[in-house]
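Pasting in a structure now, in structure tokens, and then I'll have a few things to ask.
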Amino acid sequence: MGILRIALLVSLALRLGSVQAAGHEPDYSIAGLSGSSHKPNFIFIMTDDQDLHLNSLDYMPKLQRYLSDEGTKFKKHFCTIAVCCPSRVSLLTGRLAHNTNVTDVNPPYGGYPKFMAEGFNDRHLPVWLQEAGYNTYYTGKFLNAHSTSNYNDPFPKGWNGTDFLLDPSTYSHWNSTFQRNRNSPVTSNGYSTDIVSQRSLAFLDAARQSERPFFVGIAPIAPHAKSIYMENVSIPYFTNPIPAERHQDLFLNAQVPRHESFNPGNPSGASWIYKLRQLNVSEVDYADGFYRSRIQSLQAVDDLVEAVILKLKQKDLLRNTFIFFTADNGYHIGQHRMVPGKGCPYEEDVNIPMIVRGPGVPRGESVDFVTSHTDIAPTLFDLAGIPLRPDFDGKPMPLTKDALGRLATSPRREHLNVEYWGTNLQEGLIARDASTGSALGYGNNTYKALRVIGEGYNLFYSVWCTNEHELYEMTSDSYQMKNLFRTSESELLGYNMTKVISRLDALLLLLKKCKGAQCTSPWAFLHPGGDVATLRQALNPKYDAFYAAQPSIAFAACEDGYFPEFEGPQQGYAYRTNGDWIDWS
Ligand SMILES: *[C@@H]1O[C@H](CO)[C@@H](O)[C@H](O)[C@H]1NC(C)=O
Ligand SMILES: *[C@@H]1O[C@H](CO)[C@@H](O)[C@H](O)[C@H]1NC(C)=O
Ligand SMILES: *[C@@H]1O[C@H](CO)[C@@H](O)[C@H](O)[C@H]1NC(C)=O
Ligand SMILES: *[C@@H]1O[C@H](CO)[C@@H](O)[C@H](O)[C@H]1NC(C)=O
Ligand SMILES: *[C@@H]1O[C@H](CO)[C@@H](O)[C@H](O)[C@H]1NC(C)=O
Ligand SMILES: *[C@@H]1O[C@H](CO)[C@@H](O)[C@H](O)[C@H]1NC(C)=O
Ligand SMILES: *[C@@H]1O[C@H](CO)[C@@H](O)[C@H](O)[C@H]1NC(C)=O
């Protein structure tokens, strides 16, 4: 029996005592006391394609009141792949996409069938939580290509109750098909997000009837674009998301923020992005209208958040429940001249909302150390007292005051790596293929990217399958407009940028195929002697020759899936304390 458990029992005794002494306020200060067991409950709300950088959260007052003001915002939270299905699979497994090989939204490289084919039905979050004594529920969109034809082939494991939104009507916003437990799919008349809200409240009622702690996953479709399928082509096209009727007249003057990267006069980015022409006046108008539809559609999510919190309050569950709010990936509209979409390594697509409210979580605070979707499964494990799995590519996020306090002595990693394979699908009526009518797709969107955020630096580095490179210094250039790659004049912390790049390249070479601890402590694998834990330390001139000798990342081709044989060198060196180097392992 651990110390916490003893403390709980002591505190429980005190509480019982205080109940007898009428009028005395019981001590609720320790997490776990008030729930049905000492393990906390989890509510996990995940929207689809919601941005942080286009200010969508500013339009959600209930979210601010019930979550931001009562919890902590994780300002540097990232997805590790900026597209729905691969990102959701990373979240559910705690693995980077190169360790799930679910890299796309549809077969052969992704979607629900690929998730099943990779064997994750037996080893993902709900299965593990159930084994640890949780009741688990889910409503809304699960994975892409989870449809009326494959929902039972096989059924997803690990859930006590489900009510899934199914393709092909996942993105209809109205009258979508839902599929409950083992039942047949049914068309549910009504507004999709409102239905998801009602179903999640019903699950909360059901969850409460058990002595086991619960996990409730809530995945509304907003603010994802509406997709329109045509009989003659397999790829749909996308139009504005549809708000609930009660919200369709809101924010009529709202516009995409006109940041420096919005439809700039000069090309920016890399690969297909660098070749885009500037959007014209009517396209910019369209982008603004698309933006308004997104924030209108998020109002029903705002209502959902309030309804869930009020339900928890009514059931007296708030003090033993952690509530997470996030999105599967971010979104861009007009940045670097792009039409609406996602799938890029730029901040709008990867740095996403993450707000946590719960017992011991500081109220009204925000933190800015790096966290990612691969940290979420480890975080839930940690809170539930389940031993972490060695195949997790992330680490628990410090949530409580105590855990945050420990950061002073054991700092977290300062990097984040992002990956992508294949085509970037464009959204909105301004991005249709003239010959087929389906959404336009740009190939050559395969890349590896890296963010490194530490004291005195805030960097973005990428290598595309076209072998273009980008380097942005994000403190002075937060909109990623000045590519510093191989600009001999630039320097960082007094070091020539060429030397900085040699470190970033070696770090990314390891991270692009890392597994487990390599992904969270990569410097320890480059410097097994233990002298280096940060970019700053790696910049020590005594390592110049070592980093100059590392193989550089280079692609042999742009592939649509994960084929390491086309992704250049796979092996780099580790520094030995005697000054020479060997292959890292
Ligand atoms: C949820 O499922 C688990 C695993 O099958 C089971 O042990 C538990 O009793 C179920 N909970 C409820 C409320 O049925
Ligand atoms: C949803 O279905 C109802 C009932 O069939 C119908 O009246 C309504 O027009 C549909 N709504 C949409 C947006 O298709
Ligand atoms: C903008 O470009 C589109 C696509 O080429 C064209 O259809 C539209 O007329 C243009 N609008 C203006 C105002 O130039
Ligand atoms: C598919 O159908 C649409 C609508 O009828 C038409 O505009 C388009 O040209 C067709 N595409 C192909 C590839 O046949
Ligand atoms: C992809 O990049 C390669 C190499 O730069 C180029 O030759 C090819 O035309 C590009 N393909 C597309 C579809 O843009
Ligand atoms: C930085 O290093 C590069 C490559 O060695 C060199 O060409 C450049 O002149 C150096 N820049 C400065 C400011 O020393
Ligand atoms: C990833 O999946 C694809 C499609 O099944 C397969 O062809 C490829 O070999 C896999 N890659 C790896 C590294 O396993």
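Residue numbers count from 1 along this sequence. Start at 1 and go down the list; that is how both ligands and their atoms are numbered.
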**Item:** salt bridge (charged side-chain N to carboxylate O under 4.0 Å, His left out) involving K114 - partner list, sequence neighbours excluded
**Value:** E118
**Asked** Applying a strict 4.0 Å limit to heavy atoms, is P564 in contact with ligand 7?
**Response** yes
**Protein residues having a heavy atom less than 4.0 Å from any atom of ligand 1** = Q130, N135, N160, R212
**Message:** Check the orientation of F164 and W159. Use parallel for under 30°, tilted for 30 to 60°, and perpendicular for over 60°.
**Reply:** perpendicular
**Message:** Would Y109 count as a polar contact of ligand 7, with the cut-off being nitrogen or oxygen pairs under 3.5 Å?
**Reply:** no
**Request:** List in chain and number order the residues that pass disulfide (SG to SG under 2.5 Å) with C85, two or more places apart in sequence or in another chain; answer none if no residue qualifies.
**Result:** none
**Message:** Looking at ligand 7, is there an atom of it that comes within less than 4.0 Å of some heavy atom belonging to H98?
**Reply:** no
**Prompt:** Does any N/O atom on N101 come nearer than 3.5 Å to any N/O atom on ligand 7?
**Reply:** yes
**Message:** For a quick check under 3.5 Å, do N445 and W272 share a side-chain donor-acceptor pair by atom type?
**Reply:** yes
**Prompt:** Under 6.0 Å between ring centres, would you say that holds for H146 and F115?
**Reply:** no
**Residues E470 and Y346: side-chain donor-acceptor under 3.5 angstrom** = yes
**Message:** Suppose the criterion is side-chain hydrogen bond (donor to acceptor under 3.5 Å, both in side chains): which pairs have a residue in residues 512-524, not counting sequence neighbours?
**Reply:** N99-K515
**Asked** Are side-chain N/O atoms of N329 and D49 paired as donor and acceptor at under 3.5 Å?
**Response** yes
